[in-house]
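Below is one structure; the comments refer to it alone.
All values below come from the heavy atoms of this structure, side chains included, with hydrogens, waters and symmetry mates left out.
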Amino acid sequence: MAETVKGPASYFPSIEKKYGRPVAEWQELIRSSPLTRHMELVAWLKSEHGMGHGHANALVAHALAEARGK
């Protein structure tokens, strides 16, 4: 039986479906952004890419956690 995905990654299938880009592409956009603070990145995804708050928050949380090595 497959393990249930929890945390920010649980949003990834719906993010890919709704916004038409793979999560890896969103993560690369976040990493290449000159912005570094969580809420700045969330606001940027919302304003520049029309993303909802929950989806933007999940992507940023995951990208920043990976950058910290968690």
Side-chain angles (χ1 to χ4, degrees):
M1 188 169 165
E3 188 176 322
T4 302
V5 177
K6 296 180 181 174
S10 67
Y11 286 92
F12 290 176
S14 60
I15 290 170
E16 289 178 339
K17 183 177 179 181
K18 183 167 185 166
Y19 303 105
R21 290 183 177 186
V23 167
E25 194 173 318
W26 289 113
Q27 299 288 43
E28 184 55 36
L29 281 172
I30 292 166
R31 284 191 294 272
S32 65
S33 170
L35 303 172
T36 58
R37 297 184 58 159
H38 183 99
M39 290 311 294
E40 289 175 334
L41 288 160
V42 169
W44 171 70
L45 287 172
K46 291 168 64 175
S47 66
E48 294 297 316
H49 298 283
M51 193 168 279
H53 183 83
H55 287 160
N57 191 55
L59 284 171
V60 172
H62 191 265
L64 294 180
E66 278 189 341
R68 289 190 306 267
K70 292 184 179 181

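The structure places CD of Glu25 at 11.5 Å from CD1 of Ile30, a figure rounded to the nearest 0.5 Å. In this structure, NE2 in His38 is found 3.5 Å from CG in Asn57, a value given to the nearest 0.5 Å.
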Check step by step if side-chain contact (heavy atoms from CB on, under 4.5 Å) holds for Trp26 and Leu45. CA-CA 9 Å; Trp26 289 113; Leu45 287 172; 4.0 Å; yes

Can you list the steps and then say if Leu29 with Leu59 is a side-chain contact (heavy atoms from CB on, under 4.5 Å)? CA-CA 10 Å; Leu29 281 172; Leu59 284 171; over 6 Å; no

Apply side-chain contact (heavy atoms from CB on, under 4.5 Å) to the pair Trp44 and Val60, showing each step before the final yes or no. CA-CA 10 Å; Trp44 171 70; Val60 172; over 6 Å; no

Show your reasoning for whether ring-ring contact (aromatic ring centres under 6.0 Å, His included) applies to Phe12 and His62. CA-CA 10 Å; Phe12 290 176; His62 191 265; 5.0 Å; yes

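By the side chain to side chain donor-acceptor pair (under 3.5 Å) test, Lys46 is found to be paired with His53, residues two or more places apart in sequence or in another chain being considered. Residues passing the side chain to side chain donor-acceptor pair (under 3.5 Å) test with His55 are Ser14, Tyr19, sequence neighbours excluded.
Minimum heavy-atom separation, Glu16 to Pro22: OE2-CA, 3.5 Å. Across all their heavy atoms, Ser33 and Leu41 have their closest contact at OG-CD2, 3.7 Å. In terms of heavy-atom proximity, Ala58 sits nearest to Pro8 at O-CB, 3.3 Å.
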